[in-house]
Amino acid sequence: MKILVCVKQVPDTNEVKIDPVKGTLIRDGVPSILNPDDANALEAALTYKDENPDTKVAVITMGPPQATYMLRECLAMGADEAYLLSDRAFGGADTCATSTTIAAGIRKVENVDVIFAGRQAIDGDTAQVGPQVAQRLGLPVVTYVQDIKLEEGKAIVHRQMEDGYEVIEVQTPCLLTAVKELNEPRYMSIGGIVNAYKKEITVWNHEDVELDPKDCGLNASPTQVFRSFTPAPKGKGEMLEGTVSEMAVNVLNKLREKHYI
Ligand SMILES: Cc1cc2nc3c(=O)[nH]c(=O)nc-3n(C[C@H](O)[C@H](O)[C@H](O)COP(=O)(O)OP(=O)(O)OC[C@H]3O[C@@H](n4cnc5c(N)ncnc54)[C@H](O)[C@@H]3O)c2cc1C
């Protein structure tokens with residue numbers, strides 16, 4: 001079996017701070033990390049490989065050349081192959097153009113049985129790329145996968161719902177998006193880190209994946225970010241006074257005033 005995992009390098013949003021004077025984001029010194037949900041997706045693939053050693057696990061990303069560091073991390077965790085889609089023509093992509101490019105890259109990787117993605121990236125935060133890639137490849141997709149059993153020709157997954165889960169059987173090839181409840185991602189091993197530097201990373205540009213520049217990046221993005229800004233900090237909280245029942249009535253009235261209830 002061959003499992004391909006879509007991985008994204010993202011800024012560690014826990015480390016992003018806001019400049020109190022200018023009100024802008026401080027990005028300097030913010031480390032780049034493997035997107036957390038993608039680490040769960042990779043772990044699911046590697047767990048299957050542990051139990052079925054003839055499995056090949058590949059990772060693919062679209063990003064700038066620096067994304068090779070994250071790909072090496074994936075190789076050090078145990079992935080066998082890594083693909084980097086990197087080209088100026090891919091820049092400025094919204095989710096629509098991103099998924100076009102990733103799907104074009106996946107078409108070049110042969111004999112893939114299962115494609116994994118994370119549910120969501122912590123920077124763009126849209127959760128759109130996985131389902132869009134599946135749609136472009138004409139594959140079934142199951143999102144929010146919190147448990148999985150892979151068998152020959154099919155996957156049986158638990159799809160997370162707000163109040164429980166659905167059990168879904170889906171034929172392979174298919175695309176699955178992972179949530180953090182799926183597993184606990186492993187750390188890189190020392191041997192894995194050494195081996196990761198011996199493995200080659202395949203880099204593809206738009207010609208390699210047979211995409212015209214007009215069909216990728218900003219040129220193929222139906223949406224554009226018009227303005228971005230730091231949200232205004234919340235005002236000071238209001239302390240209520242009175243007896244417990246007076247405060248409860250007060251809270252109810254305030255919620256009604258704002259049409260929350
Ligand atoms: C309206 C809009 C305009 C944008 N304009 C720009 C822009 O001008 N310039 C710019 O740099 N970005 C731009 N972006 C951000 C860019 O679209 C996203 O970074 C990218 O499309 C991924 O979307 P996401 O981060 O929401 O991923 P999600 O959809 O939340 O990611 C889900 C999963 O898809 C996979 N995935 C996502 N991205 C990648 C990737 N690059 N490689 C491999 N796998 C991936 C991962 O498995 C991830 O866990 C824009 C986004 C929007 C919504």
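As the structure lists them, so they are numbered: ligands from 1, and atoms in each ligand from 1.
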Exceeds 12 heavy-atom contacts within 6.0 angstrom, atom CD1 of I190
no
Output the list of atoms in ligand 1 that are nearer than 4.0 Å to some heavy atom of I102, sorted by atom number.
39 (C), 40 (C), 42 (N), 43 (C), 44 (N), 45 (C)
So is R119 touching ligand 1 or not, going by heavy atoms under 4.0 Å?
yes
salt_bridge(D50, R186) N-O dist < 4.0 Å:
yes
Show which atoms of ligand 1 fall inside a sub-4.0 Å distance from at least one heavy-atom site of C6.
44 (N), 46 (C), 47 (O)
Minimum distance, heavy atoms only, to atom 16 (C) of ligand 1: which one of A93, G124, G105 is it?
A93
Going by the closest heavy atom to atom 18 (C) of ligand 1, which one wins out of K8, M62, Q9?
K8
Evaluate whether atom CZ of R107 has more than 12 neighbouring non-hydrogen atoms of other residues, nucleotides or ligands under 6.0 angstrom away.
yes
I102 with Y83, same ILVMFWY side-chain cluster at under 4.5 Å:
yes
Compile the donor-acceptor pairs under 3.5 Å between side chains in residues 122-143 and protein atoms, sequence neighbours left out, one pair per line.
residue	atom	partner	partner atom	Å
D123	OD1	K8	NZ	2.8
D123	OD2	K8	NZ	3.3
D125	OD1	Q120	NE2	2.9
T126	OG1	Q128	N	3.3
Q128	OE1	T95	OG1	2.6
Q132	OE1	C96	N	3.4
Q132	OE1	S99	OG	2.8
Q132	NE2	T95	OG1	3.3
R136	NE	S99	OG	3.1
R136	NE	T100	OG1	3.2
R136	NH2	C96	O	3.2
T143	OG1	R159	NE	3.2
T143	OG1	R159	NH2	2.8

Are V170 and L176 close enough that some pair of their side-chain heavy atoms sits under 4.5 Å apart?
yes
Looking only at protein heavy atoms, what sits closest to atom 4 (C) of ligand 1 is V225 CG2, 3.6 Å
Within the structure, is a non-hydrogen atom of D37 found at a distance of less than 4.0 Å from ligand 1?
no
Shortest protein contact, atom 9 (N) of ligand 1 (heavy atom only):
G92 CA, 3.3 Å
Among all the protein's non-hydrogen atoms, which is closest to atom 33 (C) of ligand 1, and how far away is it?
G118 O, 3.3 Å
Report the nearest protein non-hydrogen atom to atom 31 (O) of ligand 1: residue, atom name, distance rounded to 0.1 Å.
A121 N, 3.4 Å
Counting heavy atoms only, which of L42, T223, N40, V129 comes nearest to atom 22 (C) of ligand 1?
V129
Do you know which of Q160, Q146, H158 makes side-chain hydrogen bond (donor to acceptor under 3.5 Å, both in side chains) with E181?
Q160
Test of understanding: given a 4.0 Å heavy-atom threshold, classify the contact between L218 and ligand 1 as side chain, backbone, both, or neither.
neither
For ligand 1, which atoms sit closer than 4.0 Å to a heavy atom of Q128?
29 (O)
Indicate yes or no: does E257 engage K254 in a salt bridge with an N to O separation below 4.0 Å.
no
Q224 to ligand 1: N or O pair under 3.5 Å?
no
Starting from atom 26 (O) of ligand 1, what is the nearest protein heavy atom, named by residue and atom, and what distance separates them?
T126 OG1, 2.5 Å
List ligand 1 atoms under 4.0 Å from A127, heavy atoms only on the residue side.
28 (P), 29 (O), 30 (O)
Between T98 and ligand 1, which residue portion shows a heavy-atom distance shorter than 4.0 Å: side chain, backbone, both, or neither?
side chain
What atoms in ligand 1 come closer than 4.0 Å to a heavy atom of V7?
42 (N), 43 (C), 44 (N)
Using a 4.0 Å cut-off to any heavy atom of A117, which atoms of ligand 1 qualify?
47 (O)
Starting from atom 48 (C) of ligand 1, find the nearest protein heavy-atom neighbour and note its residue, name and distance.
D38 OD1, 3.4 Å
With atoms numbered from 1 as shown, which atoms in ligand 1 lie under 4.0 angstrom from a non-hydrogen atom of D123?
25 (O)
Would you call K49 and E43 a salt bridge, taking side-chain N to carboxylate O under 4.0 Å as the test?
no
How about I148 and L182: do any of their side-chain heavy atoms sit closer than 4.5 Å?
yes
For ligand 1, which atoms have a heavy atom of I60 less than 4.0 angstrom away?
43 (C)
Relative to ligand 1, is V10 under 4.0 angstrom through side chain, backbone, both or neither, heavy atoms considered?
neither
Applying side-chain hydrogen bond (donor to acceptor under 3.5 Å, both in side chains), which residue pairs with at least one partner in residues 210-225 are found, sequence neighbours left out?
D94-S221, D94-T223, K108-E210
Within a radius of less than 6.0 Å around CD of E151, do more than 12 heavy atoms belonging to other residues, nucleotides or ligands occur?
yes
Tell me whether Y197 shares a hydrophobic cluster with M77, the cluster being built from Ile, Leu, Val, Met, Phe, Trp, Tyr side chains joined at under 4.5 Å.
yes
Indicate yes or no: at least one non-hydrogen side-chain atom of P173 is less than 4.5 angstrom from one of D113.
no
Applying a 4.0 Å heavy-atom criterion (strictly less than), which segment of D94 is in contact with ligand 1: side chain, backbone, both, or neither?
both
